[in-house]
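Below, chain A is the first sequence line, B the second, and so on; all start at residue 1.
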There are 4 protein chains.
Amino acid sequence: MSQRVARKRGERVRAILTTAAELLGERGYEGVSLEDVADRLDVTKGSLYYYFASKDELVTAAIETLGTDWTDRLEALPAGGTPTDRLRALLREHIRIAVREYPAALRLFLVPDDWPEDQRARIKALRRRHDAVFRAVVEEGLRSGEFTVVAVDPTLQAMHAAMSQAPVWVRDDRGIDRLADTLMMLVGVVPVRPGSAG
Amino acid sequence: MSQRVARKRGERVRAILTTAAELLGERGYEGVSLEDVADRLDVTKGSLYYYFASKDELVTAAIETLGTDWTDRLEALPAGGTPTDRLRALLREHIRIAVREYPAALRLFLVPDDWPEDQRARIKALRRRHDAVFRAVVEEGLRSGEFTVVAVDPTLQAMHAAMSQAPVWVRDDRGIDRLADTLMMLVGVVPVRPGSAG
Amino acid sequence: MSQRVARKRGERVRAILTTAAELLGERGYEGVSLEDVADRLDVTKGSLYYYFASKDELVTAAIETLGTDWTDRLEALPAGGTPTDRLRALLREHIRIAVREYPAALRLFLVPDDWPEDQRARIKALRRRHDAVFRAVVEEGLRSGEFTVVAVDPTLQAMHAAMSQAPVWVRDDRGIDRLADTLMMLVGVVPVRPGSAG
Amino acid sequence: MSQRVARKRGERVRAILTTAAELLGERGYEGVSLEDVADRLDVTKGSLYYYFASKDELVTAAIETLGTDWTDRLEALPAGGTPTDRLRALLREHIRIAVREYPAALRLFLVPDDWPEDQRARIKALRRRHDAVFRAVVEEGLRSGEFTVVAVDPTLQAMHAAMSQAPVWVRDDRGIDRLADTLMMLVGVVPVRPGSAG
DNA sequence: TATGAATGAGAGTTCATTCAT
DNA sequence: GATGAATGAACTCTCATTCAT
């Protein structure tokens with residue numbers, strides 16, 4: 001395969017993955033048919049099989065795209081400031097992306113048990129990289145004494161669970177901030193002027 | 001209809017609902033077909049329609065069964081002790097049920113938008129009742145000054161999100177306790193000897 | 001079987017047939033399920049099979065009831081007057097019954113080809129008796145010279161077809177009269193003051 | 001889509017519609033399943049959904065095909081002659097088509113009440129166009145004084161009802177002519193040598 | 001006699017997958 | 001590379017029919 005052809009193929013694949021990621025992020029696995037993906041790309045269903053062997057393969061790759069993009073954006077946040085500031089920024093950005101772009105994200109990362117090990121592994125890796133971003137800041141905060149946790153793992157897991165569910169109840173920017181502040185408490189950071197409003 | 005027959009029918013309905021709840025709790029709405037439910041009950045698909053008018057009806061009733069049972073067990077916990085003790089007990093029990101019995105429960109309570117209003121309402125009511133159990137304790141803790149929160153709603157939502165996701169990563173009793181303690185931090189209760197183990 | 005029991009059975013059968021005839025007259029064969037019939041009788045589906053071997057049997061018998069009742073009422077019309085008056089009265093009464101009570105009658109008498117010969121024969125006999133009522137008057141009118149027809153059979157058939165379809169377009173009493181007058185033309189009786197209004 | 005492909009698709013659609021129209025014309029809506037249509041085309045049920053979104057859509061389109069074809073043939077009849085001659089020709093042709101090709105046509109044009117408005121409208125339009133052919137001749141005959149009617153609407157309706165029912169009793173060409181002549185009486189045209197043969 | 005329960009065939013529909021062109 | 005077409009399995013739902021009690 002010539003380089004030119006390979007490049008072209010790469011572009012095509014990327015277009016498919018981006019589109020699929022969008023749709024999956026909006027409606028989740030069972031909510032998206034290959035017809036939907038093809039339609040939005042102005043292509044026919046059959047064509048997708050030229051690039052991917054099955055729906056699962058396509059979905060896995062698309063989730064990879066989506067997850068990578070997501071993590072990239074978190075990593076691109078400014079590095080300076082205290083762990084507290086950086087964690088809060090991370091939380092806000094994460095929630096913002098979840099709410100605005102990938103409302104169905106939660107469902108996506110829960111891969112069905114009967115998928116091939118290969119694909120499960122790829123998504124696991126994705127989660128790990130994503131997780132590392134948060135873990136680094138939390139651990140730094142622990143070292144500096146700013147943070148207190150029962151254990152790192154459940155803390156991170158609780159954070160992610162809450163953020164993924166956010167699209168269900170968070171409506172506006174104020175909701176995002178309140179949720180971020182609430183999650184800061186998981187590392188022992190109590191906001192300056194805590195309230196008790198419903 | 002004679003009493004004896006009515007009782008028998010009740011039993012049958014309960015058997016169906018229990019079975020359906022189990023399967024739904026394991027695999028979620030789209031993961032369960034009526035064939036699956038019928039198979040596990042050793043009857044044919046069509047028979048289910050003798051008791052329920054549609055899949056949605058059956059599923060709604062099953063979710064109701066599952067949710068009511070769940071909340072009942074939380075409400076049955078001993079009433080005494082400080083809010084801190086009671087919230088921790090609630091969290092532990094909730095996580096235990098989620099992990100051991102209804103690993104896919106999370107997805108269940110997110111009712112599809114296109115369901116009949118009637119059924120949406122029933123499930124909403126269920127969620128409200130469930131929520132009230134936690135809310136009462138949290139508010140008591142706030143009044144007594146034991147708890148601190150940014151706002152009650154996101155706190156409860158984060159708790160529930162984390163607990164529902166628990167089946168994915170929690171494996172043993174220690175995991176349950178660590179998660180419960182972690183979530184206690186959402187109300188500002190820091191454990192006596194906080195650690196930092198991964 | 002004692003006489004008392006036989007009588008009771010007869011009553012039950014009649015009740016079923018009347019109800020079935022009603023429903024069939026309203027909605028036609030495919031529009032009525034045994035459940036519908038049973039429901040309206042406050043009985044269960046299964047019970048019907050104690051009296052009838054199959055849906056077709058029940059339907060045939062019900063059509064017989066309906067058809068007999070219908071013909072009875074036509075025969076009960078006053079005998080006096082000219083053939084013209086009597087035919088017009090017959091037409092009006094027939095249309096009235098079709099429109100008000102058995103809007104789906106047309107479909108009913110068109111028995112599916114694959115029904116057992118026995119049942120086809122019974123319905124044929126019914127139609128014949130019904131037909132005889134009109135035929136008698138038409139033939140009398142022909143003998144008396146009041147009527148003119150191309151041939152008796154197609155005349156009668158056209159009359160019946162039009163009357164059976166009447167429920168689709170006839171709305172009020174005026175519609176009934178206009179249709180009856182129109183059909184009188186089939187025997188050469190032109191109304192005194194013919195119009196041409198749509 | 002290339003022209004060649006579009007043409008091929010058109011042919012396929014036409015084949016489906018023709019087949020469906022045939023079956024529908026024979027057995028009516030409820031008497032035809034998609035399986036039946038697919039079988040006769042030597043394809044599987046699912047394939048039909050590649051061309052039509054639902055049974056109703058397919059049926060509507062098929063009825064449209066059938067109805068258009070029918071009306072086309074009536075409109076193609078020679079235009080000359082008196083209204084009497086032309087109406088008789090129309091009646092004969094209409095009955096011939098009904099008897100030979102679409103014996104169940106009657107039921108087809110009675111669209112179920114719960115169909116989407118869109119489809120009801122399409123079939124209504126069809127009926128209107130069909131009706132117009134007869135109405136034009138009848139009105140011309142009225143203007144020229146050849147015809148006499150009670151009212152135009154019931155006259156046309158009675159004609160159509162009788163013709164649609166014709167397949168039930170008309171057997172041969174003589175039957176067709178006798179029925180046509182009989183229906184001419186609805187507009188006051190009495191045949192030259194009226195008989196009274198049964 | 002009648003009931004409640006269950007069955008099984010068949011309906012319409014969806015969709016991942018295949019394949020000749 | 002991509003398309004249009006077709007497939008076949010799975011799904012929800014309906015209903016005439018059977019049968020133990």
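Atom CD in C/Glu30 sits roughly 13 Å away from atom C1' in F/dA16 (whole-Å rounding). Remark: C1' of E/dA5 and CD of B/Glu11 are 14 Å apart, rounded to the nearest angstrom.
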Output a table of donor-acceptor pairs, distance under 3.5 Å, between side-chain atoms of residues 29-36 of chain D and any protein atom two or more places apart or on a different chain; print 'none' if there are none.
| residue | atom | partner | partner atom | Å |
| --- | --- | --- | --- | --- |
| D/Tyr29 | OH | D/Asp56 | OD1 | 2.7 |
| D/Ser33 | OG | D/Glu35 | N | 3.3 |
| D/Ser33 | OG | D/Asp36 | N | 3.1 |
| D/Ser33 | OG | D/Asp36 | OD2 | 3.3 |
| D/Asp36 | OD2 | D/Arg27 | NH1 | 3.3 |
| D/Asp36 | OD2 | D/Ser33 | N | 3.0 |

For residues 12-26 of chain C, run the donor-acceptor check on the side chains, cut-off 3.5 Å, and write out each pair with its distance to 0.1 Å, sequence neighbours left out.
| residue | atom | partner | partner atom | Å |
| --- | --- | --- | --- | --- |
| C/Thr18 | OG1 | C/Arg14 | O | 2.7 |
| C/Thr19 | OG1 | C/Ala15 | O | 2.9 |
| C/Glu22 | OE1 | C/Arg40 | NH1 | 2.8 |

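For the side-chain contact (heavy atoms from CB on, under 4.5 Å) test, residues two or more places apart in sequence or in another chain that qualify with C/Arg127 are C/Phe109, C/Lys124. The side-chain contact (heavy atoms from CB on, under 4.5 Å) check on B/Arg107 picks up B/Ala104, with sequence neighbours excluded. Among residues two or more places apart in sequence or in another chain, the side chain to side chain donor-acceptor pair (under 3.5 Å) test is passed with D/Thr65 by none. By the ring pair (Phe, Tyr, Trp, His ring centres under 6.0 Å) test, A/Tyr102 is found to be paired with A/Trp70, residues two or more places apart in sequence or in another chain being considered. Qualifying side chain to side chain donor-acceptor pair (under 3.5 Å) partners for A/Thr44, counting only residues two or more places apart in sequence or in other chains: A/Ser47.
Atom OG1 of B/Thr60 and atom CG of B/Asp118 lie 7.5 Å apart (nearest 0.5 Å). For the atom pair CG of D/Leu66 and CG of D/Leu126, the computed distance is 8.5 Å after rounding to the nearest 0.5 Å. Going from atom CG of A/Leu110 over to atom CG of B/Leu106 covers 7.5 Å, rounded to the nearest 0.5 Å.
Comparing F/dC13, F/dC15, E/dA16 by their nearest atom to the side chain of A/Leu34 picks out E/dA16.
In the region residues 35-44 of chain B, proximity to DNA chain E at under 4.0 angstrom, judged on heavy atoms, holds for B/Val43, B/Thr44. Residues from residues 103-121 of chain D placing a heavy atom under 4.0 Å of any atom in DNA chain E do not occur. DNA chain F is contacted by A/Ser47, A/Tyr50, A/Tyr51 of residues 47-58 of chain A, taking any non-hydrogen atom closer than 4.0 Å.
Within the 4.5 Å cutoff, side-chain heavy atoms of D/Arg120 are placed close to those of D/Asp113. Contact annotation: the side chain of B/Val111 never approaches that of B/Ile63 to less than 4.5 Å [non-hydrogen atoms, C-beta and beyond].
Judged by closest nucleotide on DNA chain E, D/Gly46 is the one of A/Lys45 and D/Gly46 placed further toward the 5' end.
The phosphate of E/dG4 has neither OP1 nor OP2 within less than 4.0 Å of any side-chain N or O from B/Arg12.
Looking at heavy-atom distances under 4.0 Å, D/Lys8 makes no contact with the nucleic acid at all.
Counting only residues at least two apart or on different chains, no ring pair (Phe, Tyr, Trp, His ring centres under 6.0 Å) pair has a member in residues 38-62 of chain A.
Both key distances under 3.5 Å define a Watson-Crick or G-U pair, and stretches of 3 or more such consecutive pairs in DNA chain E run E:2-21 with F:2-21.
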